[in-house]
**Q** 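Here it is, the structure, as structure tokens.
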Amino acid sequence: MAKNIAFILEYSEWKGYYPFERAAIMHNLLTTEHISIFLKGKEQHISELLNDSPTIFKNYNELASILAKQHFDLIIYDGNDSTIEQAQLFKAHCHTLVHFDDRGEGATLADCHIVALREETQEMMPANMLVGNFSFAAPSELLQIAFEDKLENDPPHIVIAFEDGDEHNLTYRTLRHLTQLHIPLKISVAIDENYRHSVEDLQMMVLSRRHTSIHQHPNALLSLLPTADIVVCNANYTPYKIATIGIPCITAAQNERELTNSLNREHNGFVHLGLGRKMKQSTIQNAVMEFVLHEARCERAIHKQRTLDLRSSNEALKQLLLDLAYARHEIIHI
């Protein structure tokens with residue numbers, strides 16, 4: 001018998017829109033189950049990402065009234081950091097509660113806390129926490145990009161993509177630094193819906209510069225990745241997207257919270273520059289030149305990223321959620 005599964009989603013500026021992408025991906029994979037989606041607040045772009053018509057609630061008192069009408073085998077909470085009170089509300093209406101990437105106190109009450117954005121400083125993991133690459137659900141557009149060696153571009157193609165808000169305008173800072181490199185480069189800047197700053201300022205900078213362009217649309221990054229030789233991005237979920245394909249990648253954290261995420265490190269094929277607002281021109285230029293000048297360095301980075309095996313994560317995550325929904329806790333496929 002099909003299980004009743006609910007996604008409860010809430011936007012957080014820390015995590016941007018990816019949690020909604022993850023919910024949509026898992027919804028499409030769990031087609032044999034009864035799925036309900038509850039969304040706090042109403043935003044057109046989020047509804048488009050979900051590719052569904054979620055039940056909208058304004059606050060958690062309203063959600064409590066909605067949940068009281070039914071009981072779920074599995075509730076999945078994703079997006080913001082939860083409180084104890086929120087987790088208690090969820091648990092009252094389900095058999096099993098799952099949280100994703102939740103650094104709030106409510107995560108301690110979840111039956112299973114699935115973590116992609118693991119803190120590098122975290123030594124002891126709580127008993128309910130599962131950490132692994134399987135926790136990243138890869139968008140179908142990423143999986144459609146061929147997993148093969150590309151022809152080298154001439155000049156090298158660098159993609160700049162600071163998703164999830166770009167609080168300190170690292171897009172502008174990075175573009176300014178890279179346009180000072182006196183070597184031929186093709187530079188593409190991906191701008192998403194969360195970008196908080198003036199696009200006109202970027203356009204003025206690229207004016208009259210050959211091979212430098214601004215791409216402003218919802219799928220800007222995905223459209224540029226097939227031809228990218230190097231990506232410069234933030235340190236949240238974006239490195240997972242890059243590693244799904246395998247592209248030499250330089251990351252800079254948008255804030256202290258991103259700074260603690262542990263995926264984008266050397267042993268996984270990344271160059272991490274620390275806090276982006278403290279990034280020096282020489283540091284980002286040297287990192288780019290390291291990849292441009294040394295083919296073996298690029299090959300090692302790509303190999304390490306591909307070793308993460310992110311292209312199989314969707315199926316692993318699907319099986320894990322089904323095991324939890326059907327109470328097959330001893331048969332977790334990771």
**Q** When you measure from the side chain of R173 to the backbone N and O of R277, does any donor-acceptor pair fall under 3.5 Å?
**A**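 A pair under 3.5 Å: yes.
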
**Q** Quick one: list whatever passes ring-ring contact (aromatic ring centres under 6.0 Å, His included) with F136, sequence neighbours left out.
**A**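 Here the qualifying residues are Y18, Y240.
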
**Q** Would you say the side chain of V271 lies within less than 4.5 Å of the side chain of F291, judging by non-hydrogen atoms?
**A**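 The answer is yes, as the side chains (C-beta and beyond) meet within the 4.5 Å cut-off.
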
**Q** Between Q285 and H177, is there a donor-acceptor pair closer than 3.5 Å when you use the side chain of the first and the backbone of the second?
**A**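 Such a contact is found between Q285 side chain and H177 backbone.
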
**Q** What do the steps show when you test F38 against F57 for ring pair (Phe, Tyr, Trp, His ring centres under 6.0 Å), and what is the final call?
**A** CA-CA 7 Å; F38 302 96; F57 66 95; 7.3 Å; no

**Q** Would you confirm whether T283, through its side chain, and M279, through its main-chain N or O, come within 3.5 Å as a donor-acceptor pair?
**A**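 Checking the backbone N and O of M279 against the side chain of T283, no donor-acceptor pair under 3.5 Å is found.
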
**Q** Will you find, in the side chains of N194 and D164, an N or O donor that is under 3.5 Å from an N or O acceptor?
**A**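 The answer is no; no qualifying pair exists.
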
**Q** Kindly determine whether T244 and L308 satisfy side chain to side chain contact (heavy atoms under 4.5 Å, CB included), including the steps that lead there.
**A** CA-CA 8 Å; T244 301; L308 297 173; over 6 Å; no

**Q** Nearest 0.5 angstrom please: L39 CG to T55 OG1, how far?
**A**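 The distance works out to 9.5 Å.
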
**Q** Evaluate side chain to side chain contact (heavy atoms under 4.5 Å, CB included) for Q88 paired with L109, printing each intermediate quantity in order.
**A** CA-CA 8 Å; Q88 289 173 337; L109 296 184; 3.7 Å; yes

**Q** Between K318 and E33, does any NZ, NE, NH1 or NH2 come within less than 4.0 Å of an OD or OE carboxylate oxygen?
**A**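 K318 and E33: not salt-bridged.
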
**Q** Measuring from atom CD1 of I160 to atom CZ of F162, what distance do you get when rounded to the nearest 0.5 angstrom?
**A**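 Answer for the CD1-CZ pair, I160 versus F162, is 7.5 Å.
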
**Q** Using only atom types and a distance under 3.5 Å, with no angle test, would you say the side chain of H99 pairs donor to acceptor with the backbone of D102?
**A**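 No; zero donor-acceptor contacts below 3.5 Å.
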
**Q** Looking only at non-hydrogen atoms, find the nearest pair between I247 and I242 and report the distance.
**A**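 Looking at all heavy atoms of both residues, the closest pair is O-CG2, 3.5 Å.
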
**Q** Which atom pair, heavy atoms only, marks the closest approach of M205 to T179?
**A**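 M205 and T179 have their closest heavy atoms at SD-OG1, 4.3 Å.
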
**Q** How far apart are the C-alpha atoms of K91 and E85, what are their side-chain angles, what is the distance that settles it, and do they pass the salt bridge (Lys or Arg N to Asp or Glu O under 4.0 Å) test?
**A** CA-CA 10 Å; K91 293 205 74 165; E85 292 74 19; over 6 Å; no

**Q** Looking only at atom types and distance, does a side-chain atom of N133 sit under 3.5 Å from a main-chain N or O of L310, one as donor and one as acceptor?
**A**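 No, the answer is negative, given that no donor and acceptor are paired below the 3.5 Å cut-off.
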
**Q** Given side chain to side chain contact (heavy atoms under 4.5 Å, CB included), test Q319 with F134 step by step and report yes or no.
**A** CA-CA 10 Å; Q319 292 303 320; F134 64 89; over 6 Å; no

**Q** Do we see a donor-acceptor contact under 3.5 Å between the side chains of T260 and R103?
**A**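 There is such a pair (donor and acceptor under 3.5 Å, judged by atom type) between the side chains of T260 and R103.
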
**Q** When clusters are formed by joining ILVMFWY residues with side-chain heavy atoms under 4.5 Å apart, either directly or through shared neighbours, do L225 and I250 land in the same one?
**A**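 Per the 4.5 Å side-chain linkage, L225 and I250 are not co-clustered.
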
**Q** What is the distance from atom CD of Q281 to atom CG of N286, rounded to the nearest 0.5 Å?
**A**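 Nearest 0.5 Å value for the CD-CG distance: 10.0 Å.
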
**Q** To the nearest 0.5 Å, how far apart are CD in E21 and CG in L142?
**A**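 The distance works out to 8.5 Å.
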
**Q** Could you report the tightest heavy-atom contact between A107 and S82, atom names first, then the distance?
**A**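 Minimum heavy-atom contact is N-OG, 3.5 Å.
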
**Q** Assess the side chains of N128 and H113: does a donor N or O sit below 3.5 Å from an acceptor N or O?
**A**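 Side-chain D/A pair, N128 to H113: absent.
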
**Q** Which pair of heavy atoms, one from V199 and one from I214, lies closest together, and at what distance?
**A**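 Shortest heavy-atom contact: CG1-CG2, 4.3 Å.
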
**Q** Using modelled atom types and a 3.5 Å cut-off, is there a donor and acceptor pairing between side-chain atoms of E62 and backbone atoms of K58?
**A**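 Checked: pair present.
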
**Q** Is there a donor in the side chain of H157 and an acceptor in the side chain of S188, or the other way round, less than 3.5 Å apart?
**A**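 S188 and H157 do have a side-chain donor-acceptor pair below 3.5 Å.
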
**Q** How close do I35 and L30 get, heavy atom to heavy atom, and via which atoms?
**A**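 Between these two residues, the closest heavy atoms are CG1-O, 3.9 Å.
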
**Q** Have a look at Y237 and tell me which of E163, K15, R22, E258 forms a side-chain hydrogen bond (donor to acceptor under 3.5 Å, both in side chains) with it.
**A**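 Exactly one candidate clears the test, R22.
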
**Q** Output, in order, the C-alpha distance, side-chain angles, deciding distance and verdict of side chain to side chain contact (heavy atoms under 4.5 Å, CB included) for L29 and N314.
**A** CA-CA 8 Å; L29 292 176; N314 285 6; 3.8 Å; yes

**Q** Does D101 reach the main-chain N or O of A116 with its side chain, forming a donor-acceptor pair under 3.5 Å?
**A**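 Yes: the side chain of D101 pairs with the backbone of A116.
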
**Q** Does H294 NE2 have over 12 foreign heavy atoms under 6.0 Å away?
**A**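 More than 12 within 6.0 Å, yes.
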
**Q** What do the steps show when you test Y17 against Y11 for ring pair (Phe, Tyr, Trp, His ring centres under 6.0 Å), and what is the final call?
**A** CA-CA 7 Å; Y17 290 124; Y11 176 77; 5.4 Å; yes

**Q** Is any side-chain heavy atom of N234 less than 4.5 Å from a side-chain heavy atom of D166?
**A**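 N234 vs D166: side chains apart.
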
**Q** Tell me whether Q305 contacts the main-chain N or O of I302 through its side chain, where contact means a donor paired with an acceptor under 3.5 Å.
**A**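 The answer is no, because no donor-acceptor pair under 3.5 Å joins these two groups.
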
**Q** Can you check whether H215 reaches V189 side chain to side chain, under 4.5 Å on heavy atoms?
**A**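 Side chain of H215 against side chain of V189, heavy atoms only: no contact under 4.5 Å found.
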
**Q** For residues E119 and S262, determine if any side-chain heavy atom of one lies less than 4.5 Å from a side-chain heavy atom of the other.
**A**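 Side chain of E119 against side chain of S262, heavy atoms only: no contact under 4.5 Å found.
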
**Q** Under a 4.5 Å cut-off applied to non-hydrogen side-chain atoms, are L202 and Y195 in contact?
**A**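 Contact flag for L202/Y195 side chains = yes.
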
**Q** Does some side-chain heavy atom of H272 sit less than 4.5 Å from a side-chain heavy atom of L259?
**A**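 Side chain of L259 against side chain of H272, heavy atoms only: contact under 4.5 Å found.
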
**Q** Inspect the surroundings of CD in E105 and state if more than 12 heavy atoms from other residues, nucleotides or ligands are less than 6.0 Å away.
**A**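 No, CD of E105 has 12 or fewer neighbouring heavy atoms, counting only those of other groups under 6.0 Å.
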
**Q** Please determine which of I187, L175, T174, T251 meets the side chain to side chain contact (heavy atoms under 4.5 Å, CB included) test together with V232.
**A**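 Single pass found, and it is T174.
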
**Q** Apply salt bridge (Lys or Arg N to Asp or Glu O under 4.0 Å) to residues E13 and R257 and explain how you reach the verdict.
**A** CA-CA 11 Å; E13 63 179 9; R257 179 166 175 144; over 6 Å; no

**Q** Can you check whether A243's main-chain N or O pairs, donor with acceptor, with R306's side chain at less than 3.5 Å?
**A**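 Such a contact is absent between R306 side chain and A243 backbone.
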
**Q** May I ask you to decide if L263's main-chain N or O and N268's side chain share a donor-acceptor pair within less than 3.5 Å?
**A**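 Checking the backbone N and O of L263 against the side chain of N268, a donor-acceptor pair under 3.5 Å is found.
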
**Q** Under a 4.0 Å N-O cut-off, is there an ion pair linking E266 with K304?
**A**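 A salt bridge links E266 with K304.
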
**Q** Could you walk me through whether R300 and E295 pass the salt bridge (Lys or Arg N to Asp or Glu O under 4.0 Å) check?
**A** CA-CA 9 Å; R300 286 197 303 272; E295 183 179 350; over 6 Å; no

**Q** Could you pull out the closest heavy-atom pair between F100 and S135, with the gap in Å?
**A**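 Between these two residues, the closest heavy atoms are CE2-O, 4.2 Å.
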
**Q** Indicate if L317 and L49 have the same hydrophobic cluster label, given that clusters are the connected sets of ILVMFWY residues with side-chain heavy-atom separations under 4.5 angstrom.
**A**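 Yes.
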
**Q** Can you tell me how far apart CG (N4) and CD (Q70) are? Round to the nearest 0.5 Å.
**A**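 CD of Q70 is found 6.5 Å from CG of N4.
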
**Q** Any non-hydrogen side-chain atom of L275 less than 4.5 Å from a side-chain atom of E256?
**A**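 Side chain of L275 against side chain of E256, heavy atoms only: contact under 4.5 Å found.
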
**Q** Side chains of I5 and D73: does their closest heavy-atom pair fall under 4.5 Å?
**A**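 In short, these two side chains do not touch, never coming nearer than 4.5 Å.
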
**Q** Report, as yes or no, whether the 6.0 Å neighbourhood of atom CZ on R196 holds more than 12 heavy atoms from other residues, nucleotides or ligands.
**A**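 Above 12, so yes.
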
**Q** Rounded to the nearest 0.5 Å, what separation is found between the CG atom of L50 and the CG atom of L9?
**A**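 Output value for this atom pair is 6.0 Å.
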
